[in-house]
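Just so it is clear: chains get the letters A, B, ... in the order the sequence lines come, proteins before strands, and each one is counted from 1. For the numbers below, each heavy atom of this structure counts, side chains included, while hydrogens, waters and symmetry mates do not.
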There are 2 protein chains.
Amino acid sequence: MSAGRAAERRGFTPGERGLEQSFGRATVILNALAASGEAGMRFVDIVRATGLSQTTVHRLVAALAEHGFIEQAATDSRYFLGMQLAGWAFAATNRFGVAEVAHPIMHHLSEVTGDTTYLSLRSGDTAMCVARVEGSYPIHVRIVTPGDRHVLGLGAGSLALLAFIRDEAEIERLLNLPEQRAGRARAGVDEALIRQWLVASRRDGYSIVQDLVPGTSAIGLPIHGPTGDPVAALGLAAISTRLQAPRLDEVLTEMRAAAAQIEARLRPMPKAHLVR
Amino acid sequence: MSAGRAAERRGFTPGERGLEQSFGRATVILNALAASGEAGMRFVDIVRATGLSQTTVHRLVAALAEHGFIEQAATDSRYFLGMQLAGWAFAATNRFGVAEVAHPIMHHLSEVTGDTTYLSLRSGDTAMCVARVEGSYPIHVRIVTPGDRHVLGLGAGSLALLAFIRDEAEIERLLNLPEQRAGRARAGVDEALIRQWLVASRRDGYSIVQDLVPGTSAIGLPIHGPTGDPVAALGLAAISTRLQAPRLDEVLTEMRAAAAQIEARLRPMPKAHLVR
DNA sequence: GCCCGAATTTCCGTTAAAAGGAAATTTCTT
DNA sequence: AAGAAATTTCCTTTTAACGGAAATTCGGGC
């Protein structure tokens with residue numbers, strides 16, 4: 001989330017420079033294109049959205065397109081994010097092999113419970129949702145969408161990622177980040193409540209967040225990586241009435257089994273070095 | 001196009017320079033990291049794999065990490081692809097809204113047929129597999145994996161993307177690309193055979209490739225975008241014995257329904273412009 | 001705990017190219 | 001076809017990318 005910092009000033013570039021700046025600007029453009037979604041953006045749209053000069057955008061866009069970061073529609077001249085990004089992303093979300101292992105297991109979990117399951121990966125100080133599998137129960141709870149990134153601690157999966165970090169100091173650091181405070185404020189959750197959730201999560205071995213989005217609840221279980229710290233979280237969301245005793249326990253049993261399966265297949269730490 | 005052409009006077013680096021070069025090098029590094037998969041790469045690994053100078057890699061890696069293109073593991077100092085890429089990728093694969101619409105439909109298709117279904121998007125002169133849903137039949141046919149990119153025309157989905165392009169000249173152009181020839185050579189398919197497939201695809205309204213990977217067959221159906229040209233392809237793969245009459249017809253019926261559903265939900269062309 | 005080789009980071013002068021303003025050209029709209 | 005909007009090119013100054021090599025830090029045997 002450090003992207004948009006220096007994006008708007010013209011004339012003199014105050015912040016970072018050089019490659020730093022180029023990649024920063026590229027990030028701004030890519031984010032703009034991502035936000036534009038299915039519509040894509042024309043050259044001017046990019047210029048306006050980023051506040052960069054025409055020349056700069058022109059140069060950047062040419063370079064980005066040349067290397068497949070972005071693509072131009074065949075028919076009109078609108079720009080879109082390039083498929084190349086997708087290729088990298090599949091590799092990125094498969095860190096520790098999680099995605100590949102988790103997918104079929106999540107399917108099974110969604111099938112037996114009927115609810116929507118999620119997979120989130122920790123990425124620095126945030127959690128990113130990398131997969132969502134819908135269940136058959138007619139009321140779908142879609143609190144997050146693949147690609148969404150949010151502060152650690154808000155949302156069940158995200159909470160599980162935070163709660164089971166073993167280094168207390170790291171947890172404190174994360175709780176005191178400005179983004180954290182901002183995120184909490186937005187969600188209407190105060191620090192005391194988060195801390196309460198953390199304690200409960202560690203006591204119970206899972207996280208549960210009830211009615212943060214009114215009427216819905218979600219459960220999160222940590223998936224521990226080779227080092228012992230959580231690298232991912234398995235989430236399950238449903239309307240609150242479906243996540244109360246006695247059903248809650250049945251769901252938990254299934255989820256624990258699923259998380260354990262995923263972890264078990266993760267273990268072989270890839271210590272291999274490479275290119276010699 | 002033709003952005004960095006004026007700049008190849010002597011000096012030392014013969015190819016492209018500047019931003020062009022920076023993004024090119026970034027691409028090389030990202031590809032290397034993608035290839036390294038779960039193992040990640042240390043600084044030296046990147047230096048060796050790319051052949052770039054230490055200084056250059058150092059500068060690039062710092063800039064890439066600063067902006068979330070890559071991340072460094074907390075424990076040791078290995079580099080991985082950044083989750084930021086995943087965020088962009090979900091947006092990229094959802095061009096025309098295909099991914100979002102297609103996912104549940106593919107699930108249903110895999111469920112009723114028991115076979116593995118694929119979704120490929122056209123990206124310039126190539127097709128990229130962006131989704132795979134496994135069926136329940138015990139023999140899984142995994143000819144491609146999400147993130148795989150290949151030449152148009154090889155593989156059922158890819159063939160469907162090629163065959164239903166309406167501009168004949170464009171098809172000719174694609175068939176004559178060097179990558180095409182190379183890809184055909186690798187797969188042991190000659191031009192006559194491809195042309196034969198194209199004719200058959202257009203006659204039948206679907207593509208079928210039998211035993212290109214021995215023992216397996218695959219079907220591809222085009223998904224037409226708002227302009228009428230195919231933007232995506234729905235694929236289904238199974239062992240060859242499962243894709244013969246009379247089952248073939250049943251599968252085709254299901255697939256046609258699925259493809260039609262996807263297309264129907266795509267139609268509203270996003271002509272909206274944006275930022276004003 | 002100390003050492004040695006490997007890995008990573010910093011320094012440096014040279015030189016290409018990134019910067020943005022503005023103008024020229026092309027494309028779309030009316 | 002005229003006019004407006006969008007896109008590309010031109011131009012000069014300023015800046016940081018470049019890679020060789022040195023300095024520092026890291027890691028893992030003994």
Side-chain angles (χ1 to χ4, degrees), chain A residues 6-26 28-29 36 39-67 70 72-79 271 273-276, chain B residues 1-29 39-67 70 72-79 271-276:
Chain A
E8 57 245 304
R9 288 271 282 288
R10 319 276 280 292
F12 265 84
T13 17
E16 56 197 2
R17 313 217 50 152
L19 263 191
E20 284 284 317
Q21 191 184 59
S22 298
F23 284 114
R25 287 168 166 182
V28 170
I29 292 178
S36 83
M41 293 175 100
R42 294 168 308 164
F43 180 82
V44 256
D45 297 326
I46 301 176
V47 170
R48 287 178 186 147
T50 59
L52 299 168
S53 80
Q54 295 196 58
T55 317
T56 302
V57 172
H58 191 259
R59 224 173 328 102
L60 274 163
V61 154
L64 287 169
E66 173 74 21
H67 294 287
I70 66 179
Q72 218 166 353
T75 57
D76 63 19
S77 56
R78 283 182 294 178
Y79 291 95
K271 63 175 184 297
H273 275 210
L274 318 176
V275 192
R276 195 84 307 241
Chain B
M1 359 221 104
S2 81
R5 194 169 301 162
E8 48 197 305
R9 293 233 316 279
R10 51 135 289 287
F12 244 151
T13 7
E16 59 195 4
R17 309 215 55 156
L19 263 191
E20 285 284 320
Q21 193 183 58
S22 298
F23 285 113
R25 287 169 166 181
T27 301
V28 169
I29 291 178
M41 292 176 100
R42 294 167 308 163
F43 180 83
V44 255
D45 297 325
I46 300 176
V47 171
R48 288 178 186 147
T50 59
L52 299 169
S53 80
Q54 295 197 63
T55 317
T56 302
V57 171
H58 192 259
R59 224 173 327 104
L60 276 163
V61 155
L64 287 169
E66 171 74 21
H67 294 287
I70 66 179
Q72 219 166 350
T75 58
D76 64 17
S77 57
R78 282 182 296 178
Y79 291 95
K271 64 175 182 298
H273 277 208
L274 325 170
V275 192
R276 198 76 316 238

Protein-nucleic acid N or O pairs under 3.5 Å, nucleotides 8-10 of chain C:
residue: C/dT8; atom: OP1; partner: B/F43; partner atom: N; Å: 3.4
residue: C/dT8; atom: OP2; partner: B/V44; partner atom: N; Å: 2.6
residue: C/dT9; atom: OP2; partner: B/H58; partner atom: NE2; Å: 3.4
residue: C/dT9; atom: O5'; partner: B/H58; partner atom: NE2; Å: 3.4

- Query: Any side-chain N or O of B/R25 under 4.0 Å from OP1/OP2 of D/dG19?
  - Reply: yes

Partner set under side-chain hydrogen bond (donor to acceptor under 3.5 Å, both in side chains) for [X], not counting sequence neighbours:
{"X": "A/T55", "result": "none"}
{"X": "B/Q72", "result": "B/Y79"}
{"X": "B/T50", "result": "none"}

[atom1] of [X] versus [atom2] of [N]: gap in Å, rounded?
{"X": "B/Q21", "N": "D/dA17", "atom1": "CD", "atom2": "C1'", "value": "9 Å"}
{"X": "B/L52", "N": "D/dA17", "atom1": "CG", "atom2": "C1'", "value": "13 Å"}
{"X": "A/R78", "N": "C/dC28", "atom1": "CZ", "atom2": "C1'", "value": "14 Å"}

- Message: Applying ring pair (Phe, Tyr, Trp, His ring centres under 6.0 Å), can you list everything that pairs with A/F43, at least two apart in sequence or on another chain?
- Response: A/H58

- Message: Holding to side-chain contact (heavy atoms from CB on, under 4.5 Å), I want the full list of residues that pass it with A/A65, two or more places apart in sequence or in another chain.
- Response: A/I70

- Verify side chain to side chain contact (heavy atoms under 4.5 Å, CB included) between B/Q54 and B/V57, making sure each step is shown before the conclusion. CA-CA 5 Å; B/Q54 295 197 63; B/V57 171; 6.0 Å; no

